[in-house]
Peer 1: 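Here's a structure for you.
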Amino acid sequence: MLIIHIATELAPIAKTGGLGDVVYSLSKELARQGHQLRIILPKYKTLSLDALDDAQIVFKKKFTFHESKPFEVVFWNASYNSLPITLIDPQPPEAVFNRDGIYGEADDAHRFLIFCFLTLEYISFCNFPASILHLHDWPTAAIALLYKHHYQQKGSKHKIVLTIHNILHQGKCPPETLSFLSFNNLSDVEDPCQPYLINLLKIGIIHSDYLTTVSPTYAKEIQTPLFGYHLDPLLRNYRDKLHGILNGIDLDYWNPYLDKALPAPYPKNSITGIFEVKRKNKEYLYNHLHLTSSKAPLFACITRLDEQKGPHLIAHGVKTILKQGGSCIILGKVVSSLTQELFDHLRQTYANHPHFHFHDQFDEGLAKLLYAAADFIIIPSLFEPCGLTQMIAMRYFTIPIVRTTGGLADTVQDLETGICFKEMSTEHFDHAIEKAFSLYQDKPLLEHLLKMMSLKDFSWKTSVKKYLELYSA
Ligand code: ADP
């Protein structure tokens, strides 16, 4: 069985968040278990061929879309850490992917629909035997319909699985955006709130054979009005094909025992040794960031700073932590104009604070140092489909302080592997932070948490089994 992941991110070469990690680490585990697979990605400007092995052109072909001039597309095959990948590279003048970022362009829906179309052209050209087309989120969801309309009828027999990593993002666009794909009827895929728009995620939900999302709790939550973002009635209709499968992490990449990025690697089989290692990593980090050393606990926050992540609680939490004498480092890229002002203000307020640092960038190296040095990580999300940061943090023995929602509820247990709070309120979050300060003084309880974290299995083994059951169902 050939498994083809069709995605817009692959960590670390094209990553903006957890999607990239998941596509990489899930593929890696499938390959490790002997399954044949391929990952198809757009060839972004930022994705250099130098990062890949054996890059070679498979074929080039000219396409004409609607009224556009014909343009050439180059299809590359290559491998990344032994994973076979295909890159789709539409050439100028249609600079489809030859731009600075991955998302955030006004014509994103159009760009990713072109990617969907070209992916199916590639699959059709290669004449693959019956395989799994595993789609990820709205940018690739339209493949489910496109395949049924134009390719299945020509005799190919692939099964389609769509994973919803975050239902907030649905890919809404005017119907004209799809006109180059020559669908004759788009009547059931209009957006539930703005019926003059087409909803690309809805297309995928209706037309894929199986739907998955990234944790069992989130699978339930998205069927409710509070978390379904207007697609909950549709998901309730399709609940029989919807499965919540918890994400794993790549234990080789996130490996505190062998991580060369760390000034002090972790000791195997010694819970008490972890305190000393954290102390050394913390010292290094404080020096590196010109912060004043402190014996008080260090709280980290590593996240995209958008509405989903509870920005107001994060900003409030910083104040509480600093007031109580703790240190706090935020590694967070502001990705929403709604949160820009809030964090600009926070940064100005604590500009010269000796125990606060704010790094408004995406920086994987600093992320690793921070996971290794921090005592606590704050994750006060409004919703969290799965969340990887709490799992990576627990792997580095950093205690997550989480709001119990989605995958956070499935992976963190209060005073066993972390600190949990329920309500999205400053009082509840403050209470959780106070609990963290007391826990930091309570050595036996602290050791209990570290022990419990060491027993957690964040690998893909169990979840890959569930995906394989779906693939072969
Ligand atoms: P989401 O996918 O919603 O962004 P996840 O918790 O699933 O959240 O995954 C986040 C991933 O992105 C983790 O690997 C985390 O370490 C990483 N990450 C988030 N923000 C940053 C940042 N500013 N710098 C480096 N890594 C980051």
Side-chain angles (χ1 to χ4, degrees), residues 3-8 40-42 63 65-66 73 88 90 96 107-126 128 130-167 169-213 222 228-243 470-471 473:
I3 301 155
I4 304 177
H5 285 282
I6 304 162
T8 48
I40 304 182
L41 286 171
F63 292 90
F65 292 144
H66 212 37
V73 180
I88 297 184
V96 185
D107 60 346
D108 275 359
H110 178 65
R111 298 162 68 222
F112 291 118
L113 282 167
I114 291 178
F115 174 60
C116 292
F117 169 79
L118 295 173
T119 293
L120 286 173
E121 284 293 300
Y122 167 82
I123 289 170
S124 170
F125 173 86
C126 294
F128 288 128
S131 40
I132 304 298
L133 307 187
H134 192 150
L135 318 178
H136 297 272
D137 275 347
W138 75 264
T140 56
I143 285 180
L145 179 61
L146 200 53
Y147 172 70
K148 278 190 183 164
H149 254 261
H150 299 318
Y151 297 86
Q152 198 171 30
Q153 283 158 7
K154 291 183 200 154
S156 64
K157 286 196 182 64
H158 304 302
K159 190 188 282 180
I160 306 230
V161 177
L162 166 66
T163 296
I164 300 170
H165 295 261
N166 189 332
I167 205 162
H169 308 292
Q170 301 181 2
K172 301 177 188 188
C173 57
E176 305 82 79
T177 320
L178 285 82
S179 51
F180 78 94
L181 297 171
S182 355
F183 291 123
N184 36 29
N185 180 8
L186 283 172
S187 61
D188 57 348
V189 292
E190 69 281 355
D191 184 65
C193 300
Q194 296 155 290
Y196 47 91
L197 297 178
I198 298 295
N199 183 313
L200 298 179
L201 187 62
K202 185 175 172 184
I203 292 184
I205 292 173
I206 295 173
H207 293 282
S208 57
D209 298 306
Y210 288 103
L211 279 174
T212 71
T213 188
I222 56 177
Y229 288 91
H230 306 286
L231 290 181
D232 46 294
L234 184 73
L235 287 165
R236 289 197 294 278
N237 264 348
Y238 287 103
R239 68 165 76 83
D240 289 346
K241 67 173 181 180
L242 172 63
H243 301 261
L470 280 192
Y471 293 161

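The figures that follow rest on heavy atoms only: side chains count, while hydrogens, waters and symmetry mates do not.
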Peer 1: First locate atom SG of Cys116, then atom CH2 of Trp138, and finally report the distance between them rounded to the nearest 0.5 Å.
Peer 2: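 Reported value, rounded in 0.5 Å steps: 9.0 Å.
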Peer 1: Which heavy atom of Leu201 sits nearest to which heavy atom of Ala141, and what is that distance?
Peer 2: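 In this case the closest contact between Leu201 and Ala141 is CA-CB, 4.1 Å.
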Peer 1: Of all heavy-atom pairs between Thr8 and Pro139, which one has the smallest distance, and what is that distance?
Peer 2: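 Scanning both residues completely, I find the closest heavy atoms to be CG2-CB, 3.6 Å.
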Peer 1: Taking the side chain as everything from C-beta on, heavy atoms only, tell me whether Ile6 gets closer than 4.5 Å to Phe115.
Peer 2: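 Ile6 reaches Phe115 side chain to side chain.
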Peer 1: Write down the atom of His158, the atom of Ser131, and the distance for their closest heavy-atom approach.
Peer 2: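 Closest pair (atom of His158, atom of Ser131, distance): ND1-OG, 2.8 Å.
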Peer 1: Provide the full list of ring pair (Phe, Tyr, Trp, His ring centres under 6.0 Å) pairs with a residue in residues 190-211, sequence neighbours left out, each pair given once.
Peer 2: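 Sorted result for residues 190-211: empty, none.
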Peer 1: Could you label the plane-to-plane angle of the His149 and Phe183 rings as parallel, tilted or perpendicular, counting under 30° as parallel and over 60° as perpendicular?
Peer 2: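 The arrangement is perpendicular - the two ring planes meet at more than 60°.
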Peer 1: Can you find a pair of side-chain heavy atoms, one from Val73 and one from Ile114, that are under 4.5 Å apart?
Peer 2: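 The answer is no, as the side chains (C-beta and beyond) never meet within the 4.5 Å cut-off.
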Peer 1: Please enumerate all residues that pass salt bridge (Lys or Arg N to Asp or Glu O under 4.0 Å) together with Lys241, with sequence neighbours excluded.
Peer 2: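 Per chain and number, Lys241 pairs via salt bridge (Lys or Arg N to Asp or Glu O under 4.0 Å) with no residue.
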Peer 1: According to side-chain hydrogen bond (donor to acceptor under 3.5 Å, both in side chains), does anything in residues 174-183 pair up with another residue at least two apart or in another chain? List the pairs.
Peer 2: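 Found none.
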Peer 1: Please report the interatomic distance CD(Glu190) to CD1(Ile198), rounded to the nearest 0.5 Å.
Peer 2: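 It comes to 7.0 Å.
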Peer 1: Is a side-chain N or O of Asn199 found less than 3.5 angstrom from the main chain of Lys202, in a donor-acceptor match?
Peer 2: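 Yes, because the side chain of Asn199 sits within donor-acceptor range (under 3.5 Å) of the backbone of Lys202.
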Peer 1: Please tell me whether Thr163 and His134 have a donor and an acceptor in their side chains that are separated by less than 3.5 angstrom.
Peer 2: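 The answer is yes; a qualifying pair exists.
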Peer 1: Just by distance, no angles: are the side chains of His243 and Thr212 close enough, under 3.5 Å, to form a donor-acceptor pair?
Peer 2: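 Checked: His243/Thr212 side chains show no N/O donor-acceptor pair below 3.5 Å.
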Peer 1: Distance from Leu231 atom CG to Asp191 atom CG, nearest 0.5 Å?
Peer 2: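 One gets 7.5 Å once the value is rounded to the nearest 0.5 Å.
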Peer 1: Taking the ring centre of each residue, are His150 and Phe117 less than 6.0 Å apart?
Peer 2: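 No; Phe117 has its ring centre 6.0 Å or more from that of His150.
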Peer 1: With a 6.0 Å cut-off on the ring centroids, do His110 and Phe180 count as close?
Peer 2: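 Centroid separation for His110 and Phe180: below 6.0 Å.
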